[in-house]
Participant: 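Here you go, one structure.
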Amino acid sequence: MKELPKWYIEKRKRAQELLKSAKPAKYGPDIDLNIFNMQVPAHEKVDEITELSENVRDASRAVGTRDDEVYRSGTYFQHDNDVVYLKYTEWLKENLPEGLVVLNTDDAIRTYPWVENYWFRHLSMGLDKYATYVAANSVGGAFVWVKEGVNVGYPLQACLYLGTDKGIQSPHNFIIAEPGSKIHIITGCTVNPECKTAAHVAATEIHVKEGAEVTLSMIHSWGQNFHVRPRMGATVEKNGTLNMNYVLLNPVKSIQMYPTVILKGEGARASFRNLILSRKKSNIDVGSSIIFSAEGTRGEIVSRAVIMDESTIDMRGVLKGNKPKTHGHLECRALLLSDNAIARAHPSLEGRSKETEMTHEAAVGKIADEQLYYLMTRGLSESEATSLIVRGFLDADIPGLPPELQAEISKIVSMTAEEVM
Amino acid sequence: MSLLEIKDLHVEVNGKEILSGVNLEIGKGEVHVLLGPNASGKTTLVMTLIGMPFYRVSRGEILFNGINLVDLSIDKRARKGIGFAFQFPPAISGVKLRDIIRLCGGKEPWDPSKGQEETFATDALKKVGLAKNFRDRELNVGFSGGERKRSELAQIFAMNPQLLVLDEPDSGVDIDSLKLIGGQVDSFIKETGGSLLLITHHRHILQYIDADLAHVMCDGKIVVSDHPENILSKIEEQGYCAYVEVCPPALKEEHKKLMPGSEE
């Protein structure tokens, strides 16, 4: 195996130094990462996805990973810190043999010297201790590189499975879309149901070049004692598009994330769709931020959450219109189903040009009586009507999502709604 | 036995009496029209009939097939055979119209992953003149006034109720929609032998529906019941003032609305 390049070894060293005095994140409870074990068991590679254990595959299916690999261009599967399966589908090999490169990030760093120009360029490694932790200690992660002008017809699926009690998973992911390319990546993050507590600390850097389009759909399913801290940063160049869809339906101990997109080139676009079902004692703090740094850029953040039990959720949305002819819209709706839960919406708009237009609408409240009574006049009981409304609330169509994934998400929403109502 | 028998019904909203002793009997297969000026109690009567909270029955009974509905929840009344079409139905995002129509018909929501063609909701929509793509539309989201009325009918027809209660199905719809709505309601009644209680302000819809009896509500009471033609001509001539002892100016305004050719 090739050695790690010098730049990387040096930067890692610096990050390890920084980590000693790294600051907590601005939001979310502070987690002592030292209680988690970096030394997780190694997992062997498999030749076929079907060779993975039944439990692992069941968990991955629930977050949108197809083990038949139909309608997919490839699969990246990480178990704890090992990439156990990485393959392009026959369809991709036949149609776009050189178009898409997917590697374990550690291998990409060994293979391509230019990765240095992307490493912690879209995200500051001094952002907070979690970002610094990844810079200092990351293992693995999916490195996705789409070549110029290549339209990857089917989504690439990436599943990150966390299976070791008290373990910590710390991948560093990259998505680099060359000019005019197009890709949809479906990431499912899930855990071993028998694993009591663990942490997932990740960094994801996305670079959408001129005229490229990246859609990233993340489906998360954690355990009740899991701490999750993904750090994400993205840059979108001229006329590029980045769509980020986030779905979280299962309880978690705490999750805090705040992806930030910089629309750097004229006409660039970004959209966020967050669908969250906040249950049990989950502490969820999910934000999204779009910075409009070039003329004619547009962006939208739409968040919907259903809050139950004793959970707490903070939904942050930040739009910064720095340049003329920029348009941003923020929509945040939370449906509160419990008196013991707390929902907070924190919309923030900033304008630095008189020709920017940033708008928002936010609502936190219970199900409207008129909707409930209306459905009851159709013969549905109160709980049937509630369940239907909640399902509908979370099941709003996500533009740009392939219908089969939309159907899968609908199915997950449906199953979860049935289970919790 | 009548299908619906409302006896000496007194209803309060926020402690204020709105209905003061309503009596109404609807037999199987009968079509009744409820007329009356604004704030006379028409909406309160139907809201109480379908079981909306906040409408407190302080005295009287509502018998449906001989069973008193007063203590039953909205959904139980619906399942007993009352189909109510709202004048202003709410929009519910994410809930597909096809799924509601199917639930109304006692069927499971549609599972597209099975790869079959949906027929139940499709047929129901076709009947009320709504295009196939309405199947996948979210309930009342972005629907025009006329589309809402049609979607209401598609839903309650699917319930196959014994009593249809329509709250101004003719308000805010164009002449083509009116014809279609009226025609469909009339054939539903004739085909199923169901009964109808229709609230309206206009005679136009009665061109398409054969009504047996009309009632005029004023001040929380039914003040007169007669053949619809007799009542309508009298109202058109004299306004609702014909049925009250002292006619307040508001009623004179109402009269104008009822004049032939007038629009809302």
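Side chains included, hydrogens not; waters and symmetry mates left out as well; all remaining heavy atoms used.
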Participant: Answer with yes or no whether the side chains of B/Arg77 and B/Ser73 bring together a donor and an acceptor at under 3.5 Å.
Facilitator: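 Judged by distance alone, the side chains do not pair up.
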
Participant: Under a 3.5 Å threshold, yes or no: a donor from one side chain and an acceptor from the other, between B/Ser2 and B/Glu25?
Facilitator: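 There is such a pair (donor and acceptor under 3.5 Å, judged by atom type) between the side chains of B/Ser2 and B/Glu25.
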
Participant: Mark yes or no: A/Arg304 above the aromatic ring of A/Phe393, with NZ or CZ under 6.0 Å from the six-membered ring centre and no more than 45 degrees from the axis.
Facilitator: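 Positive - A/Arg304 is close enough to the ring of A/Phe393 and near enough to its axis.
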
Participant: Hey, which residues of residues 99-108 of chain B are touching chain A, say heavy atoms under 4.5 Å apart?
Facilitator: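 The residues closer than 4.5 Å to chain A, in numerical order, are B/Ile100, B/Leu103, B/Cys104.
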
Participant: Could you verify whether a donor N or O on one side chain and an acceptor N or O on the other, from A/Asn243 and A/Ser271, lie under 3.5 Å apart?
Facilitator: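 A pair is found: one side chain offers a donor N or O, the other an acceptor, under 3.5 Å apart.
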
Participant: CD of B/Glu61: more than 12 outside heavy atoms within 6.0 angstrom?
Facilitator: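 Yes, enclosed.
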
Participant: Which of residues 40-55 of chain B have a heavy atom under 4.5 Å from any heavy atom of chain A?
Facilitator: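 Interface residues of residues 40-55 of chain B: B/Ile50, B/Met52, B/Pro53, B/Phe54.
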
Participant: Does a donor on one side chain sit under 3.5 Å from an acceptor on the other, for A/Ser221 and A/Asn250?
Facilitator: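 Yes, side-chain donor-acceptor contact under 3.5 Å.
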
Participant: Let me know if B/Ala91 has heavy atoms under 4.5 Å from chain A in its side chain, its backbone, both or neither.
Facilitator: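 Backbone only.
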
Participant: With rounding to the nearest 0.5 angstrom, report the CD1 to CD1 distance, B/Ile26 to B/Ile6.
Facilitator: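 Reported value, rounded in 0.5 Å steps: 7.0 Å.
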
Participant: Measure the acute angle between the ring planes of A/His220 and A/Tyr246, then classify it against the limits of 30° and 60° as parallel, tilted or perpendicular.
Facilitator: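 Plane angle over 60°, so perpendicular.
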
Participant: With rounding to the nearest 0.5 angstrom, report the OG to CD distance, B/Ser58 to B/Glu17.
Facilitator: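 CD of B/Glu17 is found 5.5 Å from OG of B/Ser58.
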
Participant: Is it the case that the side chains of B/Gln155 and A/Arg378 hold a donor-acceptor pair, with the cut-off being a distance below 3.5 Å and no angle test?
Facilitator: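 Short answer, yes.
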
